[in-house]
Participant: 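Starting off with a structure, shown below.
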Amino acid sequence: MVVKKPMLTFTDHSWSLEKLQEFVGGYISQPIKLEDGRTMIVNEEGLLMGLPYNREATDLAQGKMGGVSISPDDYIVGNAVVFEKGAFK
């Protein structure tokens, strides 16, 4: 079962491609490598689909909560999955 929350963090790599796609609601994006070693997965077409702004994931990806990986002008929409360092293969 997938719990729908804006952002989930995992310490293992037990999620399949299908489960990731189910959670983000479509195709997964190129993995976003955060500066702190974690990896974020989001919906590839989230902006086109009009998914809602995800403040928590945006803050994380912009470095306000840890690792920096997107510019201050970019933002994340829809659900995001974050894998701890080394957990995403």
Side-chain angles (χ1 to χ4, degrees):
M1 180 174 93
V2 175
V3 178
K4 295 289 184 181
K5 293 186 177 184
M7 191 167 78
L8 294 178
T9 300
F10 294 94
T11 56
D12 62 45
H13 55 275
S14 62
W15 275 47
S16 66
L17 173 62
E18 291 79 17
K19 284 188 178 185
L20 286 171
Q21 289 175 327
E22 180 183 346
F23 182 77
V24 301
Y27 296 112
I28 64 169
S29 67
Q30 173 93 12
I32 300 169
K33 297 292 187 180
L34 304 176
E35 190 174 87
D36 63 4
R38 293 183 285 177
T39 302
M40 182 183 291
I41 303 293
V42 299
N43 186 314
E44 175 71 25
E45 299 175 329
L47 288 172
L48 296 172
M49 296 170 68
L51 296 179
Y53 174 70
N54 185 329
R55 178 178 298 279
E56 186 178 3
T58 298
D59 285 350
L60 176 61
Q62 289 179 343
K64 297 174 185 168
M65 296 172 52
V68 178
S69 65
I70 64 173
S71 77
D73 297 330
D74 287 335
Y75 56 95
I76 305 294
V77 298
N79 291 336
V81 178
V82 177
F83 289 90
E84 292 297 331
K85 185 177 182 179
F88 183 78
K89 306 274 183 202

Participant: Is the side chain of Asn43 donor-acceptor paired with the backbone N or O of Ile28 at a distance under 3.5 Å, no angle test?
Facilitator: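 Side chain of Asn43 to backbone of Ile28, a donor-acceptor pair under 3.5 Å: no, none is there.
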Participant: Drop me the distance from Gln30's CD to Ile41's CD1, to the nearest 0.5 angstrom.
Facilitator: 9.0 Å
Participant: In Å, rounded to the nearest 0.5 Å, how long is the span from CG of Asp36 to CD of Glu84?
Facilitator: 8.0 Å
Participant: Going through the checks in order, is the side chain to side chain contact (heavy atoms under 4.5 Å, CB included) test met by Arg38 and Leu60?
Facilitator: CA-CA 10 Å; Arg38 293 183 285 177; Leu60 176 61; 3.1 Å; yes
Participant: Closest heavy-atom contact between Ala80 and Asn54?
Facilitator: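 Answer, listing the atom of Ala80 first, then Asn54: N-ND2, 4.0 Å.
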Participant: Keeping the roles fixed (side chain from Gln62, backbone from Tyr75), state whether a donor-acceptor pair exists under 3.5 Å.
Facilitator: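 No; zero donor-acceptor contacts below 3.5 Å.
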Participant: Give a yes or no on whether Val24 and Phe83 share a hydrophobic cluster (residues Ile, Leu, Val, Met, Phe, Trp, Tyr; joining criterion: side-chain heavy atoms under 4.5 Å apart).
Facilitator: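 Yes, Val24 connects to Phe83 through the hydrophobic network.
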Participant: Testing the basics here: between Phe23 and Val81, what is the closest heavy-atom pair and its distance to 0.1 Å?
Facilitator: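 Heavy-atom minimum between the residues: CD2-CG2, 3.2 Å.
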Participant: Got a second to check how far Ile32's CD1 is from Ile76's CD1, nearest 0.5 Å?
Facilitator: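 Reported value, rounded in 0.5 Å steps: 4.0 Å.
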Participant: Is there a side-chain contact between Leu34 and Thr39 in this structure, where contact means two heavy atoms from C-beta onward sitting under 4.5 Å apart?
Facilitator: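 They are not in side-chain contact.
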Participant: To the nearest 0.5 Å, what is the distance between CE on Met40 and OG on Ser29?
Facilitator: 9.5 Å
Participant: Could you list who else is in Tyr27's hydrophobic cluster, with ILVMFWY side chains joined at under 4.5 Å, directly or through other members?
Facilitator: none
